[in-house]
Amino acid sequence: MPELPEVEVTRASLARRLLGAQVVAVRLGKPLRWAMGCEPASLAGMRAGDMARRGKYLWLPLAGQDGGVPPPELPRAGGLLLHLGMSGSLNLSDAPGPAGPHDHFDLLTDRGTLRLTDPRRFGAVVWSESLDAEPARKLLARLGAEPFDPALTAHSLHRALRSRRVAIKTALLGGDIVVGAGNIYASEALFLAGIDPRTRCDRIGLMRCDRMLAALRLTLARAIELGGSTLRDFRDAHGVAGAFQAEARVYAREGLACLQCGSTIRRIVQGQRSTFFCPVCQRR
DNA sequence: ATGGGTACCTGTCTGC
DNA sequence: TGCAGACAGGTACCCA
């Protein structure tokens, strides 16, 4: 499910309410992608800091209670690195119902219960003493540039792409050059840039890198503005669905007319994932 | 280093 | 109706 816009919308809808919240207890459901890596009870009493995002990961800083005396063998500060996988969403509620079969993590706090619902369980909640400590460091190490980082330019993108021979769509999904675009927004951004998703990275010149970067930023920013895409079950932390899917120009539109030129949108498979594009508007 | 494939897990939809 | 198969928003890991 969640690509950068959905993760950012989730972060934005949580950060303010969670800042300063004190952890009361943790409840775990079925195992997620990795074990949490700390004793759930050891989080009780800690206070939440400002939730941050890196790529599609969320980071919730937690620190020992002021004046508290945590037993020395327990972690005193660190945070939870969260990932929503393909089907995860976070909800913060004052009155959470009983945990359902897909509710695999509850962080009970004095500001409500933060609940991760994730049917496919590709998501993760992992304790790390800092972003530079394991396991967070290793998980974040491979991530590419943040799309809205001003340090990311057409030039730096061009430099990163010119040694790669994979198709540009595959490279965007990989996230090791630029993070944030998943299967929906990679297709959408390439449509907006007029670039065929099968184009080899090393065939994309500086001018097209410039267009692609602008298209990626425009697409992600618009999606954030619309609360993300809700294809099936994505909701922000207040239960609000996204609206970007109604503006998708190519994603899930196989066989329909291109909104720009009228020719038929195609679906192909790249790296075991569907790609949607207009064979006329998008050039190699 | 790059590339390709596999694996994780559950739900939904399609076609026979 | 039942059932097999394809497919779904992600990414770590293994091998060539």
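This one's a predicted model, so the numbers in the text were calculated from it and none came from an experiment. Just so we're on the same page: letters track the sequence lines, and every chain starts at 1.
For A:H155, the NE2 atom sits in a loose shell: 12 or fewer heavy atoms of surrounding residues, nucleotides or ligands are nearer than 6.0 Å. Other residues, nucleotides and ligands place more than 12 heavy atoms under 6.0 Å from the CZ atom of A:R284. A:R203 CZ: 12 or fewer foreign heavy atoms inside a 6.0 Å radius.
Residue A:I177 contributes atom CD1, which lies 11 Å from atom C1' of B:dT2 at whole-angstrom precision. In this structure, the NE2 atom of A:H104 is 8 Å from the P atom of B:dT10, given to the nearest Å. Rounding to whole angstrom units, CD of residue A:Q245 and C1' of C:dA8 are separated by 15 Å. As rounded to whole Å, 17 Å separates atom C1' of C:dG9 from atom CD of A:E8. Distance A:K56 NZ to C:dA12 P: 10 Å, rounded to the nearest Å. Separating the CG atom of A:L173 from the P atom of B:dG3 is a distance of 14 Å, rounded to the nearest angstrom. Distance, A:R273 CZ to C:dA12 C1': 14 Å, rounded to whole Å. One interatomic measurement links the two molecules: CG of A:L84 to C1' of C:dG10, which rounds to 10 Å at whole-angstrom precision.
Both key distances under 3.5 Å define a Watson-Crick or G-U pair, and stretches of 3 or more such consecutive pairs in DNA chain B run B:2-8 with C:10-16, B:10-16 with C:2-8.
Note on A:R33: a base of the nucleic acid sits closer than 4.0 angstrom, heavy atoms only. A:F244 comes within 4.0 angstrom of nothing in the nucleic acid, heavy atoms only. When heavy atoms are screened at a 4.0 angstrom cut-off, A:S229 is found touching base atoms of the nucleic acid.
Judged by ring centres under 5.5 Å apart and planes tilted less than 30 degrees, A:F122 fails to stack against the six-membered base ring of C:dT11.
Distances from the side chain of A:W34 to the nucleotides C:dG9, C:dA12, C:dC13 place C:dA12 closest.
Within the 4.0 Å cut-off from OP1 or OP2 of C:dC7, at least one side-chain nitrogen or oxygen of A:R267 is found. At least one side-chain nitrogen or oxygen of A:S163 sits closer than 4.0 Å to the OP1 or OP2 atom of B:dT2. Within the structure, a side-chain polar atom (N or O) of A:K30 is placed less than 4.0 Å from OP1 or OP2 of B:dT10. OP1 or OP2 of C:dG10 has not a single side-chain nitrogen or oxygen of A:H83 nearer than 4.0 Å.
Salt bridge present: A:E146 and A:R54 bring a charged side-chain N and a carboxylate O closer than 4.0 Å. Salt bridge status for A:R137 with A:D132: absent, with no side-chain N to carboxylate O gap under 4.0 Å. In summary, A:D106 and A:R115 engage in a salt bridge, as defined by a charged side-chain N under 4.0 Å from a carboxylate O. Note on A:R164 versus A:D176: salt bridge recorded, some NZ/NE/NH1/NH2 to OD/OE distance being below 4.0 Å. A salt bridge links A:R222 with A:E247: the closest approach of a Lys/Arg side-chain nitrogen to an acidic carboxylate oxygen falls below 4.0 angstrom.
Nearest-nucleotide assignment on DNA chain B puts the 5′-proximal partner with A:A160, out of A:A160 and A:G271. Nearest-nucleotide assignment on DNA chain B puts the 5′-proximal partner with A:V166, out of A:Q272 and A:V166. The nearest heavy atom of DNA chain C to A:L143 and to A:Y251 marks one nucleotide each, and the one closer to the 5' end goes with A:Y251.
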Can you name the atoms? Protein N/O to nucleotides 11-15 of chain B N/O, anything below 3.5 Å, with the distance.
unit_1 : atom_1 : unit_2 : atom_2 : d
B:dG11 : OP1    : A:H102 : NE2    : 3.0

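Going from the C1' atom of B:dG3 to that of C:dG9 covers 24 Å, rounded to whole Å. Going from the P atom of C:dC3 to that of B:dC9 covers 23 Å, rounded to whole Å.
The main-chain N or O of A:L19 is found under 3.5 Å from a side-chain atom of A:R111 such that the two form a donor-acceptor pair. With hydrogens and angles disregarded, no donor-acceptor distance shorter than 3.5 Å links the side chain of A:R267 to the backbone of A:A252.
With rounding to the nearest 0.5 Å, the separation of CD1 in A:I265 from CD in A:E254 is 10.0 Å.
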